[in-house]
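Report on one structure; see the data block that follows.
We name chains A, B, ... by the order of the sequence lines, and we start the count at 1 in each one. What you see below is based on every heavy atom in this structure, not just the backbone, and it leaves out hydrogens, waters and symmetry mates.
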Amino acid sequence: MKIATWNVNSIRARLPRVLAWLSKAQPDVACVQEIKVEDAAFPRAEIEAAGYTATIFGQKTYNGVAFFSKTAPTDVERGLHDDAPDSHKRLIAASFGGVRIVNVYVPNGESVTSEKFPFKLKWMERLRAYLDAKCDPSTPLLLCGDFNVAPEDRDVYDPEKLRGTVLFHPEEQARLASICGFGLKDAFRMHHPEAGQYTWWDYRGGAFHRGHGYRIDHLLASEPLARACRAVTIERDERKGPQPSDHVPVVGDFGL
DNA sequence: ATGGTTGCTTAGCAA
C-alpha cells in the first residue's frame, strides 16, 4: 500500500502536474494539502477520470485538505474535534482498508513575532489532544501532511542561521515532539538518517537552485504501521519543470 | 538589505 503526502499549493493551479504524478506514482492514497478551493469548485471529474475518489474538506482561497484514493474510504471526519464551525479547513481523517489516516495542514505561523505564531503552537497542541481523543496508537495509524516544522538540524539547509526562526523554532519542535509522543515515528527517518533531504523550497530567491530547503512534510506512523513500512521516498524531481508546487510528494510503501 | 515568487483575487493577503 502506497500512501503519499503532498502540499499541492492550489489543486486548480496544479491539476496538470497532479494528474501526471498520480498516473506515474500510482499511490493507493494521496493526502493533499492547500487545495485552496471550496467543495463546489473542486475539479472532481478530472481526479475521478484518473481513477481516484476525491474525499475533500475544501475552503475558498486558503487551506483545504483532501484524500485522493483508489478505493473509497470509510469513517470520514472533517476538522479538529474542537474546531469552531468557521475554522480553517486543516484536517481530514478517514480509514482505508484498516489504516486510519489523519491528513493535516498545520498553520505556517508566518514569523515568530506574528500573532499567527502562537496560533500555530496552539493548533499543534490541539492536534495532540485530537489524537488522544480520537486515535489509537496500538492500531495502524498514519498522521501525515505539511507540519510546517523541520524537526532537527539535519532537516534544514543552514541550522545555525535558521535556528529560532519560523519552521525551525524550538517551541514548534517541542509541539511536534509531543505529537510524536502519542506513539508515532517519523517514517522517513527510519530509512534515511542523512542530512539534506528536503520537501519544501521557497519560491523566492532561487531557493531550490541554491539548495535552501526544509524537511517539513512528514509521515508519522504508529508502531504497527511503522513495522510494515518498507520504504519512504521524497520525490524531489517534482520541484523541477514548469509550475511546480513549492512542496514535493513524500511517499511511503507499506507491506499491508 | 524586511528583499524575493506564486496563487487567489483583482491590491493585498498568505505562504
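Note on Arg14(A): only backbone sugar-phosphate atoms sit closer than 4.0 angstrom, heavy atoms only; bases stay farther off. Tyr105(A) comes within 4.0 angstrom of sugar-phosphate atoms only, judged by non-hydrogen atoms across all strands, and of no base.
Residues Gln33(A) and Asp146(A) bring no donor and acceptor atom of their side chains to less than 3.5 Å of each other.
dT9(B) and dA15(B) are spaced 15 Å apart, taking the C1' atom of each and rounding to whole Å. Comparing the P positions of dG12(B) and dA1(B) gives a spacing of 27 Å, expressed to the nearest Å. The separation of dT6(B) from dA11(B), taken at their C1' atoms, amounts to 15 Å, rounded to a whole angstrom. Distance check on atom P: dA14(B) versus dT10(B) gives 14 Å, rounded to whole Å.
Among residues two or more places apart in sequence or in another chain, the ring-ring contact (aromatic ring centres under 6.0 Å, His included) test is passed with Trp123(A) by none. Listed by chain and number, the residues in a side chain to side chain donor-acceptor pair (under 3.5 Å) with Glu160(A) are Arg163(A) (sequence neighbours excluded).
Pairs of residues two or more places apart, or lying in two chains, that qualify as side chain to side chain donor-acceptor pair (under 3.5 Å) and include a residue from residues 57-75 of chain A are Gln26(A)-Lys70(A), Gln59(A)-Asn63(A), Asn63(A)-Arg90(A). Among residues at least two apart or in separate chains, ring-ring contact (aromatic ring centres under 6.0 Å, His included) pairs with a member in residues 1-23 of chain A are Trp6(A)-Trp21(A).
Along DNA chain B, the nucleotide closest to Pro107(A) and the one closest to Ile11(A) are compared, and the more 5′ of them pairs with Ile11(A). Taking the nucleotide of DNA chain B with the nearest heavy atom to each of Asn63(A) and Lys60(A), the more 5' of the two is matched to Lys60(A).
First and last contacts of DNA chain B with chain A, using any nucleotide atom under 4.0 Å from a protein heavy atom and ordered 5' to 3', fall at dG4(B) to dA15(B).
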Name each donor-acceptor pair under 3.5 Å that joins a side chain in residues 41-56 of chain A to protein atoms two or more places apart or in another chain, with its distance.
| from | atom 1 | to | atom 2 | distance (Å) |
| --- | --- | --- | --- | --- |
| Arg44(A) | NH1 | Ala54(A) | O | 2.8 |
| Tyr52(A) | OH | Pro27(A) | O | 2.7 |

